[in-house]
Trainee: 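Here it is, the structure in full.
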Amino acid sequence: MNLYLRLLLVWLRNLTGAKRHYSHMSESRFRVLPHDLDAFGHMNNGRYLQIMDVARTEWMIQTGVAGAIRKHRWSPILGGGVIRYRHSLKLMQHYRVRTRLLGWDHRWFYLEHCFADKRDRCVAVGVTRAGLRYAGRWVDAHEVADLVHPGASSPRIPAHVHDWISVEEDMFRHGQNRRPVRSRPAKVRTVA
């Protein structure tokens with residue numbers, strides 16, 4: 001089942017649900033299918049990130065964020081993510097992704113995605129940051145939160161999220177300052 005079909009199922013599953021509070025933890029259910037596997041027989045590392053997209057969409061539908069995005073024609077943008085793998089998921093294995101909002105600042109919403117197997121063991125956990133754009137500018141996250149849930153205030157963003165942002169910013173700065181290395185052909189000595 002490709003990701004578009006999974007997204008369609010998420011939309012259908014949530015057509016009649018009542019709007020939940022932004023602090024709601026959504027739970028998305030999946031199964032590892034053959035096209036999710038890598039060459040070693042477990043779920044591909046990149047597939048976790050794609051599944052996090054689907055799970056994040058389900059959270060947005062349930063909390064009313066998706067409706068606000070459609071109404072205002074905002075474009076959701078993923079600004080980064082980090083994931084920690086702990087255990088493998090195998091073919092046909094059922095798993096759940098629990099998605100919850102950690103908090104927001106002026107631009108970004110920070111979300112956590114915990115992958116749990118049938119024994120309720122956390123097999124991987126990821127943190128992402130997402131923002132919204134409209135007409136070439138960033139939409140203020142406080143404005144979005146207040147529109148979706150009037151009077152909303154961000155929970156305190158956990159220290160590990162600040163640490164991740166700091167590391168990510170350092171990596172980006174370091175990468176920008178690195179100049180490409182030009183290789184010169186080696187001089188060859190001939191021995192007579």
Side-chain angles (χ1 to χ4, degrees), residues 2-4 6-7 10 22-23 25-26 28 30 36 38-40 42-61 63 65-66 68-70 72-89 97-116 122-148 152-184:
N2 74 26
L3 292 174
Y4 290 114
R6 282 175 166 153
L7 278 169
V10 160
Y22 64 86
S23 64
M25 180 186 297
S26 71
S28 307
F30 302 97
D36 295 328
D38 63 15
F40 301 104
H42 51 76
M43 194 157 92
N44 181 286
N45 297 347
R47 182 63 82 193
Y48 284 84
L49 301 174
Q50 293 174 327
I51 293 296
M52 285 164 48
D53 284 342
V54 176
R56 194 168 38 258
T57 299
E58 185 155 20
W59 177 86
M60 290 190 301
I61 293 168
T63 58
V65 173
I69 289 171
R70 276 194 318 274
H72 295 279
R73 290 188 265 185
W74 294 328
S75 296
I77 306 289
L78 190 65
V82 62
I83 188 166
R84 166 68 160 88
Y85 306 99
R86 197 169 178 111
H87 302 285
S88 296
L89 289 172
V97 181
R98 294 183 184 121
T99 302
R100 69 185 179 110
L101 179 67
L102 297 175
W104 63 87
D105 58 24
H106 68 286
R107 179 182 293 178
W108 303 110
F109 291 93
Y110 300 94
L111 293 113
E112 178 186 82
H113 310 275
C114 179
F115 290 74
C122 186
V123 298
V125 64
V127 175
T128 57
R129 67 179 178 180
L132 300 166
R133 289 185 64 83
Y134 180 75
R137 70 170 184 85
W138 289 100
V139 179
D140 187 285
H142 298 288
E143 175 187 327
V144 175
D146 194 53
L147 181 72
V148 174
S153 60
S154 175
R156 186 168 178 229
I157 297 172
H160 69 275
V161 173
H162 290 292
D163 293 343
W164 161 57
I165 295 165
S166 178
V167 167
E168 190 178 74
E169 293 301 322
D170 286 347
M171 286 171 52
F172 189 75
R173 273 192 299 278
H174 181 69
Q176 280 188 319
N177 293 333
R178 187 172 293 221
R179 293 187 177 149
V181 177
R182 294 185 183 176
S183 60
R184 294 183 180 158

Trainee: Run the numbers on His113 and Leu49 for side-chain contact (heavy atoms from CB on, under 4.5 Å), then give the verdict.
Mentor: CA-CA 10 Å; His113 310 275; Leu49 301 174; over 6 Å; no
Trainee: In a check of side chain to side chain contact (heavy atoms under 4.5 Å, CB included) between Ile69 and each of Ile61, Val139, Leu132, Val144, which one passes?
Mentor: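 Exactly one candidate clears the test, Leu132.
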Trainee: Are the side chains of Glu58 and Val97 in touch, meaning some heavy atoms are under 4.5 Å apart?
Mentor: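 Counting from C-beta outward, Glu58 and Val97 never come under 4.5 Å.
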Trainee: Between Tyr22 and Ser153, is there a donor-acceptor pair closer than 3.5 Å when you use the side chain of the first and the backbone of the second?
Mentor: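 Indeed, once roles are kept as given, a pair shorter than 3.5 Å links the two residues.
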Trainee: Please report the closest heavy-atom contact between Arg129 and Leu78, naming both atoms and the distance.
Mentor: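 Minimum heavy-atom contact is O-CD1, 3.3 Å.
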Trainee: Check the pair His72, Leu147 against side-chain contact (heavy atoms from CB on, under 4.5 Å), reporting the backbone distance first and the verdict last.
Mentor: CA-CA 11 Å; His72 295 279; Leu147 181 72; 3.1 Å; yes
Trainee: Whether the side chain of Ser166 engages the backbone of His162 through a donor-acceptor N/O pair (distance < 3.5 Å, no angle test) should be reported.
Mentor: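 Answer holds: no.
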Trainee: Using every non-hydrogen atom in the two residues, find where Tyr85 and Ile83 come nearest and quote the distance to one decimal.
Mentor: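 Taking Tyr85 first and Ile83 second, the nearest heavy atoms are OH-CG2, 3.3 Å.
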Trainee: Please find the pair of heavy atoms, one from Thr63 and one from Val148, that lie closest to each other, and give the distance.
Mentor: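 Heavy atoms only, the tightest pair is O-CG1, 3.4 Å.
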Trainee: Using a 6.0 Å cut-off, check whether atom CZ of Arg73 has over 12 heavy atoms from anything other than its own residue.
Mentor: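 For Arg73, atom CZ is not crowded (no more than 12 foreign heavy atoms under 6.0 Å).
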Trainee: Taking the six-membered ring for Trp, are Trp104 and Phe109 parallel (under 30°), tilted (30 to 60°) or perpendicular (over 60°)?
Mentor: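 It falls in the tilted class, 30° to 60°.
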Trainee: Heavy atoms only: give me the nearest His87-Tyr48 pair and the separation to one decimal.
Mentor: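 Closest pair (atom of His87, atom of Tyr48, distance): O-OH, 3.9 Å.
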Trainee: Which atom names give the shortest non-hydrogen contact between Met52 and Thr128, and what distance separates them?
Mentor: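 Minimum heavy-atom contact is CE-CG2, 3.3 Å.
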Trainee: Of the non-hydrogen atoms in Ser26 and Ala55, which two are nearest, and what is the gap between them?
Mentor: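 Taking every non-hydrogen atom into account, OG-O, 4.1 Å.
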Trainee: Does Phe30 form a side-chain contact (heavy atoms from CB on, under 4.5 Å) with Asp36? I'd like the steps, not just the answer.
Mentor: CA-CA 11 Å; Phe30 302 97; Asp36 295 328; over 6 Å; no
